[in-house]
Amino acid sequence: MNALIAFLAVLGYTYLAEARSTFRMGWAMVFVLQYCIAIMLKQILSKLPRKSPKSDSFDCGGIDSGNISPNFGNGIQTTSCTNTFSSRLSVVKRVSSAVFPASIMAGVEAVEPHLSFKDVSNQQKQNLFVSKLKMCCEVSDVNDPDKNSVEQDLKRQTLLEIVDFVSTGSAKFTESAITAMSKMCAINLFRVFPPKCRSNSTGGEAEDEEPMFDPAWSHLQIVYDLLLRFIGYNNLDVKVAKKFVDHAFLLRLLDLFDSEDPRERDCLKTILHRIYGKFMVHRPFIRKAVSNIIYRFVFETERHNGIAELLEIFGSVISGFALPLKEEHTIFLCRALIPLHKPKSVGIYHQQLTYCVVQFIEKDPKLACTVIKGLLKYWPVTNSQKELMFISELEEVLEMTSLAEFQKIMVPLFRRIGSCLNSSHYQVAERAHLLWNNEHVLNLTAHNRQVIVPLVFSALERNSQNHWNQAVLNLTQNVKKVFYDMDEELVLACQHKLEEENSLSNAVAEKRRLTWERLEHAASFQPPAVNVITPTNLATCTVAC
């Protein structure tokens, strides 16, 4: 800068010397004019922007493109590129507070978001990271592929650059970065789903419906990947992050579980599990919010797409509960998990529900009695497929049940099993017979055979005489043989008692038949004809008035 001023000063001195001879000025006047011109040149040049010291070393043609391979969902692979004019621009410039609010950009120099991370210095990459996050807050309509396609491609490319920058570990989640990340995720992810147009009459057959895929998933997947990397960042300051990942953020995140796209629900499942693990202060609120979702599903709508994913999260959460269980956890079992057996669509999430229930019983075996009572309360009567699921879950629960808890519930339980043994649906009858193939159930039955065998023996005898399916008949004979080997005298006593009851019922039926025959005979008796005297018509006399 000083050398340029000196050169211009010498050049100006030459022209002033010629002007002196032309206008006949003194040397003092020449030196004054020369000094004034030098001051003006210095002020003008000081206002021009200085060129970055490293900008000359970057050229668009000499930048190698790197591959980005974020491993989220199905995986995305792309190549980062830069704009041809980016190296010619000034690297740093102030962005107006209308675009970047002061709460986000306080004390931060924002960088042109269209630049590549390779085009800026290491000191400016963090500012560029925040600028790119802010630029991705614009939401475009992806339903129309011809509309705003350039903006959509640019946004997708920017998101991929951010993912690559975060995956390399270069990003630092300061308060301004956390604010920008939370805002970008909220704007792009939180949305209202269209009304469900599927019929509610499908009931338990809803699991056979074809899944619906969101047309914006190509963008949403990258945003979910960023959110997952943000939550899983090792050096994330939870005290700062919880100000932005707050209760309102979590409620909107939980609302997304109702998405009909299974890919989105799977991403949400992973993210919510990470949030539950890292933000310990939010754990009670998350449990309460999920309970409210289940209450609304069970008692109001019976329609929700994400119950299976929520239960899958809680399966691992329940396994981490400390002993003794808090009252809050027991209430969640009684008021949320057990009533989930009621909806017709229980088949969609029954596997996850059974796992949660078994986890509770592993924590506290005394809860087995409560669970079995709940199963008997919501036991299906006309839905055979649902009944099969209940019997399977019942077997898993009985495997975790102690003898003392089993004795509290065995009478109503085996009355229900006895009715299942006589079911005309052969699969239900088969599944009920196979309960005694379980070693633990067989041991429980052996210890309480004086109560259990009389409850089910009559059902086995009716099967032997009346059931239509040969496989069920064979299983009935096998179970009777098991009882016979267990306690022969008890089986013979039950058989004798059953014969007496049959004889008594036959006698009662015969007496009833004779009574009806007498009534029919009495009703068919015709009495003899009798002479009936018809009254004579009395003569009427007219009275003249």
Side-chain angles (χ1 to χ4, degrees), residues 318 323-325 327 329-331 333-335 337-339 341 353-381 387-423 428-429 431-463 475-476 478-498 501:
I318 294 168
L323 295 177
L325 291 176
E327 183 182 1
H329 304 329
T330 306
I331 291 175
L333 170 67
C334 298
R335 297 184 182 179
L337 294 184
I338 292 179
H341 293 84
L353 176 60
T354 301
Y355 180 78
C356 291
V357 170
V358 170
Q359 288 295 313
F360 264 108
I361 299 175
E362 284 185 354
K363 290 289 183 180
D364 187 359
K366 294 181 179 179
L367 293 173
C369 183
T370 302
V371 171
I372 295 175
K373 285 181 179 178
L375 287 174
L376 296 177
K377 177 180 178 181
Y378 296 108
W379 197 276
V381 178
E387 197 168 6
L388 287 171
M389 291 185 285
F390 272 53
I391 297 174
S392 299
E393 181 178 357
L394 178 62
E395 182 177 0
E396 293 192 40
V397 172
L398 288 175
E399 287 181 353
M400 310 296 299
T401 305
S402 62
L403 182 60
E405 294 298 321
F406 177 77
Q407 290 174 344
K408 297 177 183 178
I409 200 68
M410 61 182 178
V411 174
L413 173 61
F414 278 89
R415 283 176 180 166
R416 171 57 64 183
I417 292 176
S419 64
C420 293
L421 293 173
N422 289 139
S423 175
V428 175
R431 191 65 185 85
H433 283 84
L434 292 175
L435 284 174
W436 282 281
N437 287 354
N438 188 294
E439 192 67 26
H440 187 68
V441 176
L442 187 61
N443 291 335
L444 292 175
T445 304
H447 283 91
N448 301 276
R449 58 184 179 273
Q450 298 294 335
V451 178
I452 295 175
V453 173
L455 290 173
V456 299
F457 189 80
S458 59
L460 294 173
E461 283 295 318
R462 284 193 295 271
N463 271 358
L475 290 172
T476 299
N478 293 338
V479 174
K480 289 176 67 175
K481 186 177 183 301
V482 169
F483 289 163
Y484 190 85
D485 296 338
M486 185 184 300
D487 193 334
E488 181 180 354
E489 293 182 0
L490 179 60
V491 173
L492 293 176
C494 291
Q495 189 171 4
H496 181 67
K497 182 180 179 181
L498 183 61
E501 291 178 354

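Proximity of Phe457 to Leu490: side-chain heavy atoms (C-beta onward) are nowhere separated by under 4.5 Å. In this structure, the side chains of Trp379 and Ile391 come closer than 4.5 Å at one or more pairs of heavy atoms. When side chains are defined from C-beta on, Asn463 counts as touching His433, because their heavy atoms get closer than 4.5 Å. Between Met389 and Thr354 there is no side-chain heavy-atom pair separated by less than 4.5 Å. Proximity of Leu421 to Arg462: side-chain heavy atoms (C-beta onward) are nowhere separated by under 4.5 Å. At a threshold of 4.5 Å between non-hydrogen side-chain atoms, the residues Tyr355 and Ile318 do not count as touching. Between Leu435 and Thr445, the closest side-chain pair of non-hydrogen atoms is not below 4.5 Å.
Glu387 and Arg431 are not joined by a salt bridge, as no carboxylate oxygen comes within less than 4.0 angstrom of a charged side-chain nitrogen.
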Stepwise side chain to side chain contact (heavy atoms under 4.5 Å, CB included) test for Leu325 and Leu333: CA-CA 11 Å; Leu325 291 176; Leu333 170 67; over 6 Å; no
Test side chain to side chain contact (heavy atoms under 4.5 Å, CB included) on Leu492 and Gln495; report intermediate values, then the result. CA-CA 5 Å; Leu492 293 176; Gln495 189 171 4; 4.2 Å; yes
Using the rule given for side chain to side chain contact (heavy atoms under 4.5 Å, CB included), can you reason through Val358 versus Glu393, listing the C-alpha separation, both sets of side-chain angles and the distance that settles it, and then say yes or no? CA-CA 9 Å; Val358 170; Glu393 181 178 357; over 6 Å; no
Evaluate the side chain to side chain contact (heavy atoms under 4.5 Å, CB included) criterion for residues Val491 and Lys480: first the C-alpha distance (whole Å), next the side-chain angles of each, then the deciding distance (0.1 Å), finally the verdict. CA-CA 8 Å; Val491 173; Lys480 289 176 67 175; over 6 Å; no
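Summarising the geometry of Ala432 relative to Cys420, their closest heavy-atom pair is CB-CB, 3.8 Å, with the distance given to 0.1 Å. Shortest non-hydrogen contact noted between Leu337 and Leu353 is O-CD1, 3.5 Å. What you find for Arg335 and Pro339 is that their closest heavy atoms are O-CG, 3.3 Å. Counting all heavy atoms, side chain and backbone alike, Cys494 lies closest to Val453 at SG-CG1, 4.0 Å. Listed here is the closest heavy atom pair of Ala459 and Gly418: CB-O, 3.5 Å. Shown here for His341 and Tyr378, the closest heavy-atom pair between the two residues is CB-CB, 4.2 Å.
Taking the six-membered ring for Trp and thresholds of 30 and 60 degrees, Trp436 and Phe414 have ring planes inclined between 30 and 60 degrees apart.
Not a single donor-acceptor pair under 3.5 Å links the side chain of His447 to the backbone N or O of Leu444. The main-chain N or O of Met400 is never found under 3.5 Å from a side-chain atom of His440 such that the two would form a donor-acceptor pair. In this structure a side-chain-to-backbone donor-acceptor pair under 3.5 Å is missing from Arg415 to Pro412. In this structure, Asn448 contributes its side chain and Gln407 its backbone to no donor-acceptor pair below 3.5 Å.
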Enumerate, atom names and distances included, each donor-acceptor pair closer than 3.5 Å involving a side-chain atom of residues 365-373, sequence neighbours excluded.
none

